[in-house]
Protein chains: 2
Amino acid sequence: MHSDTAALYDYRKVVNRPLSTAKHEWDVTLPRNTTRAEPGLRGLTESDRSGPLFVRSLEKAMQVLSAFHHADSPLSLSEIAEQAGVDRSTAQRMVHTLRAMGYIGRAADGHGFVPGIRLLDHTLDYLRLDPLVRRATPILQELRKEVRERVDLSLFDDLRVVYAVRLQSKRQTFYTTLVGHSVPSFCSSGGWAILSRLPNDRVRDILDRSDRRPFTPHTVTEIPEILEKIAETSANGYALTLNQILLGEIAAGFPVLDASGDPVGAIHVAGSLAEWTPEDFVNRNIPLALEAARAISQY
Amino acid sequence: MHSDTAALYDYRKVVNRPLSTAKHEWDVTLPRNTTRAEPGLRGLTESDRSGPLFVRSLEKAMQVLSAFHHADSPLSLSEIAEQAGVDRSTAQRMVHTLRAMGYIGRAADGHGFVPGIRLLDHTLDYLRLDPLVRRATPILQELRKEVRERVDLSLFDDLRVVYAVRLQSKRQTFYTTLVGHSVPSFCSSGGWAILSRLPNDRVRDILDRSDRRPFTPHTVTEIPEILEKIAETSANGYALTLNQILLGEIAAGFPVLDASGDPVGAIHVAGSLAEWTPEDFVNRNIPLALEAARAISQY
DNA sequence: GCCTTCTGTATTGCATAGTGATACGGCTGC
DNA sequence: GCAGCCGTATCACTATGCAATACAGAAGGC
């Protein structure tokens with residue numbers, strides 16, 4: 001975990017963060033800031049960024065691709081330029097090149113651009129090569145057979161956790177099926193599970209830097225309260241969240257550790273409060289999931 | 001569908017295709033060439049590639065990222081350089097930059113590089129913004145409730161179809177859960193379903209350009225026979241494959257059409273020949289899936 | 001033990017490759 | 001009809017990315 005702190009990059013400085021404008025179908029089923037979590041702060045400072053090894057045109061290209069992070073429909077060239085913080089000419093060249101390679105496509109109606117299917121090839125590479133995903137997948141499938149609820153694997157990425165493997169239950173919303181979706185560490189069951197295995201100062205640092213806007217009226221946003229929850233999690237060996245990200249959702253998170261005992265991800269079981277009392281949910285699902293999390297961990 | 005044929009790019013000319021060396025766990029459960037399908041031929045010719053709008057450094061960067069397509073473990077800089085067809089210095093600069101942005105990470109043991117988690121952000125963008133994925137997800141979930149087998153949505157990409165939504169059954173292998181996985185059009189149920197809605201010369205062209213190596217002893221590889229299967233598919237309105245990609249697998253594929261009637265993807269139902277006779281499989285699952293495919297189509 | 005061969009990282013002068021202002025024709029909507 | 005977008009095309013300038021080369025540390029052979 002400490003290995004990569006040298007190469008850091010705060011991409012948020014260069015990618016503008018416009019307010020998300022809710023207007024599409026799933027916005028009514030999910031609080032509109034569900035996609036809010038941002039990629040991990042990597043804080044490569046100006047010094048590294050101006051180093052002779054840093055390829056600025058590539059940086060711009062990735063900013064162009066990232067313009068879609070805040071989009072909810074196809075983007076025009078000017079919109080891409082604006083979102084990416086580059087001028088129209090640069091956007092034009094980058095889009096042209098990315099399009100030639102399949103990383104950007106045209107929208108179905110011919111107006112505007114959308115992410116290209118070739119991106120999914122890299123998704124596969126990531127999932128295939130990640131040792132955690134490799135190890136977890138069969139175990140998660142076993143677990144899913146026993147507990148008939150949603151089961152996920154999420155990966156720790158600083159202020160957020162990113163869903164990498166998703167096994168569905170019958171009740172689903174759009175976002176709860178998508179790989180790549182992420183939620184903040186500070187208020188998710190996976191986040192608490194991971195934070196509970198991190199040193200205190202690291203936890204403080206993460207909470208301090210987190211954008212702690214609530215997802216539901218019940219989202220815990222005050223640091224003392226979060227710390228309390230994390231302490232509970234630490235004592236129990238798992239995290240239990242009610243109504244934190246989604247109203248009516250109950251979720252349990254279990255830390256997954258690497259060989260040196262550092263948390264690298266979490267597995268989750270999530271159900272509906274309409275079907276479960278918290279007690280039943282815990283009694284029924286926790287033991288199996290705990291066992292699964294231990295089996296995946298290498299510590 | 002015909003809109004984007006101007007921007008073409010044959011990335012295979014620049015990315016070497018080494019033989020895949022099987023040695024990891026899932027290679028024993030799957031034929032080793034299951035990942036063989038290559039990203040769609042986009043054949044941007046030298047003319048476009050040397051145009052003043054084409055950013056060569058970006059091309060090299062993406063080739064570097066694509067080096068992982070043929071990897072089954074972390075890659076060293078030299079390996080990346082070799083796979084990507086660039087010199088070590090270029091690989092160094094690209095890796096440095098991509099790493100700073102989170103698109104490449106170090107392997108857990110500190111030796112070599114692996115794809116970075118930030119790639120999953122773009123996965124999410126792709127899935128969120130693709131109209132087909134949006135429309136299909138809830139319908140696929142409905143369908144999954146009825147037929148208790150594996151249900152997928154795949155997207156047409158020239159010589160291959162790419163899995164974008166995957167709803168599991170109890171019996172699973174590693175690859176059958178991963179988004180981004182792709183299989184050739186010429187021998188998959190989704191591929192046949194799509195080809196059955198394409199004009200004849202287009203089908204011929206695709207078959208001619210396909211690398212038609214068999215996946216199993218039963219894979220249909222001869223063009224006349226494939227054409228026959230496609231004709232059947234066309235007559236039935238769905239494709240039925242036995243042992244084509246995976247031994248013991250039976251799969252049905254259903255074309256999904258866009259507003260102008262062109263096929264843009266397919267949905268699948270897949271089961272095990274150990275549990276189903278083909279007749280039962282057809283009788284039990286086809287009607288529901290056909291209806292689902294129609295509901296997703298916009299034609 | 002030493003020697004070879006890998007790793008990943010760092011430096012530097014040169015010219016090419018990317019830059020960005022500016023222009024154009026084709027839509028859409030007022 | 002004009003205004004304002006869209007995506008595309010051109011071109012002179014110089015900043016930017018290039019590739020050869022050098023380096024320290026780890027791994028592996030013998």
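This structure is a prediction, so every number in the text was calculated from the model and none was measured. Per chain, numbering begins at 1; letters A, B, ... match sequence-line order.
- The same atom, C1', is picked in C:dC27 and in D:dT10; the two are 22 Å apart, to the nearest Å.
- Scanning for side-chain hydrogen bond (donor to acceptor under 3.5 Å, both in side chains) contacts around A:S154 gives A:H268, with sequence neighbours left out.
- Closest to the side chain of B:S78, out of D:dT8, C:dG8, C:dT7, is C:dT7.
- The number of heavy-atom neighbours closer than 6.0 Å to CG of A:D109, taken from other residues, nucleotides and ligands shown, is above 12.
- Comparing C:dG20 with D:dG17, their P atoms sit 10 Å apart, to the nearest whole Å.
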Could you write out each protein N or O paired with an N or O of nucleotides 20-22 of chain C at a distance under 3.5 Å?
{"residue": "C:dG20", "atom": "OP2", "partner": "A:D87", "partner atom": "OD1", "Å": "3.1"}
{"residue": "C:dG20", "atom": "OP2", "partner": "A:T90", "partner atom": "OG1", "Å": "3.2"}
{"residue": "C:dG20", "atom": "N7", "partner": "A:R93", "partner atom": "NH2", "Å": "3.2"}
{"residue": "C:dA21", "atom": "N7", "partner": "A:S89", "partner atom": "OG", "Å": "3.2"}
{"residue": "C:dA21", "atom": "N6", "partner": "A:S89", "partner atom": "OG", "Å": "3.2"}

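- The CG atom of B:D109 sits 13 Å away from the C1' atom of D:dA26 (whole-angstrom rounding).
- The phosphate of D:dT16 has neither OP1 nor OP2 within less than 4.0 Å of any side-chain N or O from B:R56.
- Atom-to-atom, CG of A:L53 to C1' of C:dG8 comes out at 11 Å; the value is rounded to the nearest Å.
- Nearest-nucleotide positions on DNA chain D place A:F113 closer to the 5' end than the other of A:V55 and A:F113.
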Quick one: which protein N/O atoms are closer than 3.5 Å to N/O atoms of nucleotides 25-27 of chain C? Pair and distance per line, please.
none

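- Taking A:D125 as the reference, A:R128 meet the salt bridge (Lys or Arg N to Asp or Glu O under 4.0 Å) condition, with sequence neighbours excluded.
- OP1 or OP2 of C:dT9 has at least one side-chain nitrogen or oxygen of B:R106 nearer than 4.0 Å.
- Partners of A:T90 according to the side-chain hydrogen bond (donor to acceptor under 3.5 Å, both in side chains) rule, which considers only residues two or more places apart in sequence or in another chain, are A:D87.
- Nucleotide D:dG4 holds its P atom 18 Å from the CD atom of A:E79, rounded to whole Å.
- The CZ atom of A:F54 sits 17 Å away from the C1' atom of C:dT9 (whole-angstrom rounding).
- The phosphate of D:dG17 has OP1 or OP2 within less than 4.0 Å of a side-chain N or O from A:S57.
- Qualifying side-chain hydrogen bond (donor to acceptor under 3.5 Å, both in side chains) partners for A:S185, counting only residues two or more places apart in sequence or in other chains: none.
- Distance, A:E82 CD to D:dC5 P: 12 Å, rounded to whole Å.
- Taking atom CG of residue A:L77 and atom P of nucleotide D:dC5, one finds them 14 Å apart after rounding to whole Å.
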